[in-house]
*Asks:* 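One structure is given below, represented as structure tokens, and several questions about it will come after.
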Amino acid sequence: MARGLSEGPKEDDMATETRRTTTHWGTFDFTVRDGRARSTAATAENPAGRSLAEGLHETLDHPLRIVRPHVREGWLQRGPRSEGNRRGGEPMVEVEWSHAYELIAEELGRVRKDHGDEAIFGGSYGWGSAGRFHHAQSQIHRFLNMDGGYVSSRNSYSVGAQEVVLPRVIGGPGMGMFDWSPQWSEIAAHGQLFLGFGGAPLKNTRVNQGGMLRSRAAEAQRACAEAGVRFVLISPLRSDLDPDLRAEWVPIRPGTDTALMLGMAHHVARNGLEDHDFLERCCAGYDRFRAYVLGDVDGVPKTAEWAERITGVPAATTRELADAAVRHRTVVSLTWSIQRAQYGEQPYWAGTTLAAMSGSMGRPGGGFAAGLSMTHGLGLYRGSMGVASLPQGRNPVSAYIPVARISDMLLNPGGRLRYDGEVLTYPDIRLVYWAGGNPFHHQQDINKLLRAWNRPETVVVHDSWWTPVARHADIVIPVATPLERDDIAGGSRDTTLLAMRRVQEPPDGVPTDFQAFAEVARRRGFADRFTEGLDADGWVRRLFAETASRLADRGVDLPSYDDFTTLQDGVEVPLVGGDNVFAKLREDPQAHPLATPSGRIEIFSETVAGFGYSDCPGHAAWQEPDEWLGSDSALADEGLFHLLSHQPRGRLHSQVDFSAASRATKIGGREVLTMHVDDARRLGVAAGDVVTVSNERGACLAAVRTTDGILPRVVVMATGGWYDPERPGEPGSLDLQGNPNVLTPDIGTSQLAQGSSAQTCLVRIEPRPDAPPSRAYEPPPIRRACDGLDVIAEAPDQA
Ligand SMILES: Nc1nc2c(c(=O)[nH]1)N[C@H]1C(S)=C(S)[C@@H](COP(=O)(O)OP(=O)(O)OC[C@H]3O[C@@H](n4cnc5c(=O)[nH]c(N)nc54)[C@H](O)[C@@H]3O)O[C@H]1N2
Ligand SMILES: Nc1nc2c(c(=O)[nH]1)N[C@H]1C(S)=C(S)[C@@H](COP(=O)(O)OP(=O)(O)OC[C@H]3O[C@@H](n4cnc5c(=O)[nH]c(N)nc54)[C@H](O)[C@@H]3O)O[C@H]1N2
Ligand SMILES: [Mo]
């Protein structure tokens, strides 16, 4: 175990000490000698973090590190313009710090004056890094709010469909279901059957938003198996449940879970096996759903045989699962990726409905579960620590988009969008400002994104390395990494308040996001309001003091801040909030109504039905996706495969993709495409071979891995490999590294939620011998102004 921070250096290596800090992917101890980090180790309590620790310290002084501000050559020469931009395809020119800050300040001023505050997009989605003060989203939003506001984004890539549909069905906030889901400890104590749609892969529990110290997910899952819970894994991929759980594997075609649930519901309804009492007292509209399931509405009974034709799951299995679900204390659990698909609202609504029919809803260790183990704390803890965060102020601009509609917004100023009962108008964006996210990772259909991204006049990005988003900026401000800042970490659904201690100093002159925003704020005339006269240390102490006073009200005493920073295991904090609303609902629906119009679970929602969306009717229903293995084209053509792009096991999204930990998950520097052994044979490829994966939206290279643990004709690739176009700046280029988002469609889940739909994706696969190497981890071409380049020295307004 790492030496305690308070112990100080040993005599024999005076200059060496251990420093501990926290990331979204765990807490790490760094050996520091002569002011530089020399090694990384995960905490002993988080063995799973070892695979993500490898080489983390090496990322700090890596050649990909940006240490000076840069401006895209074309922007510097010709100034901001809405035509002819070739972002990502031109050299970047190194400029002076003050010059870069002035350019940003000038541009913000020009765009606000000429086009209004609604011309600035500051949605800036992304995970960024752990830490309550240096949280990039809070920083950029505070900054932009004080400068006049910005067009914002709503909802998440994680759970875009769930967040909008569940409040209509069960009420409450979009993320409420995380606290209301049965927890692993309750399942171990009371549960009997775990129906895991998409499973509960332990790889996902290596990550926790805001950080974590100890990993408990594996033991919590295993305790259920040891208690005799029957695990059924309903997923195209066998590795979606820990082998120790000895789950029965029911392979299913991607995108068809709703049909399986309807087949189960049919069996239950047809045989009168429902929990009639719960459906009558605690639910609304079951009759409407039942009529649909039995075929009274459209003449199509949703039998287990009907479901088999869609899902590929034998009818007998569907019926057996339905019988088991009504006889046993059952959890109907869905991963989030299932709703990150076209019509992603439906499986969540159907899962809630099935759980309500089953008899387990609102009973201990049973009912509907959303995303158990999809991050570490989900299923382990309810509620939050209530740690203070940086105040963001008020945004004077009301215009917003559902987050995944960014390309559509940039491509269609003035265009209309239906969303959750509203009609939104896309604003005319002239300036994009991003800190703490990577749209060239997270957005679907990157070739479309690139076309859209070239429309605004100016794009400003803060990042620490030449990430894909930094390469596609006009003005790049390099910032200190999370390992170079002091902060407080308090993970969501975690119980440890931790000090983050900087591991080393940032490179000379490189600011934190906070310092960079303060510099621009000074040039915009509001530095005092932005900083409130405090430096970062002053702010961290203020947030700690505010947290201490909140916790004192709850009877928890924190040490002084200075003592706190010496506690390597932090402080344990009890969580607040997160009552199980369904238990109370079952007990007495009059006394404990849900926050829905009827106060009950809306198996049928008049509100949603009233929106009149053909792609999201008033109850859960099967809707045929545009791309799936049962489509006419896929049935006729064996060359089409369903591509799933799931979360990477060796990193968080695209973060430090060049680190040793992330590279260890690749083959030959490329992302891995997992396919069935029979498919590999049919395609004439073997493990390790490079293939081209393509469809009408784009193409990427990947290296083959084969297994018998995947449904044939399904292939899976992790997200987050850095976008590496063969011809940088050109939409449609072959991606050399293996980024699945050059293939995924940019369509909303439906007009209700407009969530992202990455999992609805068919592709073709061909062997690609002699593939060109990936250059993702080389910096872009860089020029210094003294290289004789003819550049304008100032922004056009000043010239
Ligand atoms: N095909 C497909 N696409 C997906 C998904 C999928 O399953 N399939 N999943 C989706 C999901 S669920 C999510 S959440 C998104 C994730 O998408 P993102 O959250 O955008 O991905 P990250 O790689 O975490 O991007 C964080 C960026 O911020 C930078 N950064 C880190 N810390 C800081 C900081 O303190 N300051 C600044 N300025 N920069 C910082 C990092 O270097 C990195 O470039 O992707 C979505 N995209
Ligand atoms: N190691 C690691 N962990 C992470 C992250 C990371 O980047 N790295 N990211 C975190 C974030 S931001 C989020 S939002 C969560 C995401 O959590 P999820 O989106 O739920 O995670 P995924 O890994 O994409 O998907 C889990 C499994 O669902 C299965 N699946 C996909 N489509 C279908 C389908 O149609 N039907 C069925 N039955 N199964 C399907 C896939 O086989 C996949 O392995 O993960 C978090 N955890
Ligand atoms: Mo996510």
Side-chain angles (χ1 to χ4, degrees), residues 23-25 48 51-52 124-131 134-137 139-140 156-160 196-209 233-240 250-257 260 311 334-341 344 347 371 373-376 378 404 434-444 461-465 467-470 477-482 485 512-513 516 628 642-657 710-711 714 716-720 722 739-741 743-744 756 758-761:
T23 69
H24 291 305
W25 58 96
S51 56
L52 288 92
S124 185
Y125 182 89
W127 269 52
S129 45
H134 291 290
H135 183 238
Q137 299 308 310
Q139 292 284 346
I140 190 173
S156 64
Y157 284 81
S158 311
V159 289
F197 290 87
L202 286 176
K203 70 171 173 64
N204 292 50
T205 66
R206 293 173 178 178
V207 160
N208 198 54
Q209 191 149 38
L233 168 63
I234 302 156
S235 173
L237 201 59
R238 191 174 56 200
S239 60
D240 280 335
V250 178
I252 186 170
R253 275 184 183 152
T256 68
D257 301 83
L260 180 61
T311 61
L334 274 73
T335 57
W336 293 339
S337 51
I338 291 175
Q339 50 90 66
R340 213 175 298 120
S373 284
M374 285 311 96
T375 55
H376 180 258
L378 282 159
W434 221 289
N438 179 2
F440 284 83
H441 156 62
H442 63 232
Q443 177 65 5
Q444 286 55 61
V461 169
H462 294 191
D463 210 321
S464 304
W465 297 276
T467 58
V469 65
I477 298 293
V479 289
T481 71
R485 311 182 298 219
T512 60
D513 288 295
W628 69 299
H642 195 120
L643 173 73
L644 295 178
S645 43
H646 68 171
Q647 304 298 325
R649 65 192 158 89
R651 61 176 176 263
L652 172 69
H653 312 139
S654 70
Q655 298 207 27
V656 289
D657 182 41
I710 193 167
L711 184 71
V714 178
V716 58
M717 196 193 289
T719 52
W722 280 9
N739 184 322
N741 277 332
L743 302 160
T744 54
S756 64
Q759 310 304 346
T760 304
C761 183

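In this text, all values refer to a predicted model and were calculated from it rather than measured experimentally. Just so you know, ligand 1 is whichever comes first in the structure, and atom 1 is the first atom listed for that ligand. FYI, the numbering just counts along the sequence from 1.
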*Asks:* Test of understanding: given a 4.0 Å heavy-atom threshold, classify the contact between Q647 and ligand 1 as side chain, backbone, both, or neither.
*Replies:* side chain

*Asks:* I want to confirm something. Looking only at heavy atoms, which of H442, Q759, K203 is nearest to atom 23 (O) of ligand 2?
*Replies:* K203

*Asks:* Any heavy atom of G436 sitting closer than 4.0 Å to ligand 1?
*Replies:* yes

*Asks:* Among all protein non-hydrogen atoms, which one is nearest to atom 19 (O) of ligand 2, and what is the separation to 0.1 Å?
*Replies:* R340 NH2, 2.7 Å

*Asks:* Of the protein's non-hydrogen atoms, which lies at the shortest distance from atom 38 (N) of ligand 2, and what is that distance?
*Replies:* D257 OD2, 2.7 Å

*Asks:* Closest non-hydrogen protein atom to atom 35 (O) of ligand 2, residue and atom name please, with distance?
*Replies:* G255 N, 2.8 Å

*Asks:* Do Y157 and ligand 1 have an N or O pair less than 3.5 Å apart?
*Replies:* no

*Asks:* Which residues pass the side chain to side chain donor-acceptor pair (under 3.5 Å) test with N208, sequence neighbours left out?
*Replies:* none

*Asks:* I'd like to check whether Q443 has a polar contact with ligand 1, where a contact means an N/O of the residue lying under 3.5 Å from an N/O of the ligand.
*Replies:* no

*Asks:* Just jot down the side chain to side chain donor-acceptor pair (under 3.5 Å) partners of T744, sequence neighbours excluded, or say none.
*Replies:* N741

*Asks:* Take every heavy atom of Q444, measure it against each atom of ligand 1, and state whether any distance is under 4.0 Å.
*Replies:* yes

*Asks:* Is there at least one pair of N or O atoms, one from S337 and one from ligand 2, spaced under 3.5 Å apart?
*Replies:* yes

*Asks:* With respect to S158, determine whether any N or O atom, backbone or side chain, lies less than 3.5 Å from an N or O atom of ligand 1.
*Replies:* no

*Asks:* Is it true that R651 lies under 4.0 Å from ligand 2, counting heavy atoms only?
*Replies:* yes

*Asks:* Using a 4.0 Å heavy-atom cut-off, which part of I234 comes near ligand 2: side chain, backbone, both, or neither?
*Replies:* backbone

*Asks:* Looking only at protein heavy atoms, which one is nearest to atom 44 (O) of ligand 2, and how far off is it?
*Replies:* D240 OD1, 2.6 Å

*Asks:* Suppose I only count heavy atoms of L644 and a 4.0 Å limit; which atoms of ligand 2 are within that range?
*Replies:* 31 (C), 32 (N)

*Asks:* Looking only at protein heavy atoms, identify the closest one to atom 12 (S) of ligand 2 and say how far it is in Å.
*Replies:* H653 NE2, 2.9 Å

*Asks:* Output the list of atoms in ligand 2 that are nearer than 4.0 Å to some heavy atom of I338, sorted by atom number.
*Replies:* 33 (C), 34 (C), 36 (N), 37 (C), 38 (N), 39 (N), 40 (C)

*Asks:* Distance to 0.1 Å, residue and atom name: give those for the protein heavy atom nearest to atom 42 (O) of ligand 1.
*Replies:* D463 OD1, 2.8 Å

*Asks:* Does ligand 2 come near enough to L237 that some N or O of the ligand is less than 3.5 Å from an N or O of the residue?
*Replies:* no

*Asks:* Identify, for atom 2 (C) of ligand 2, the protein heavy atom at the shortest distance, and state residue, atom and that distance.
*Replies:* P648 O, 3.1 Å

*Asks:* Please compare H642, Q339, M374, H646 and report which has the shortest non-hydrogen distance to atom 24 (O) of ligand 2.
*Replies:* H646

*Asks:* With atom 1 (N) of ligand 1 as the reference point, say which of N741, N438, T744 has the nearest heavy atom.
*Replies:* N741

*Asks:* Within less than 4.0 angstrom of ligand 1, does R485 place any heavy atom?
*Replies:* yes

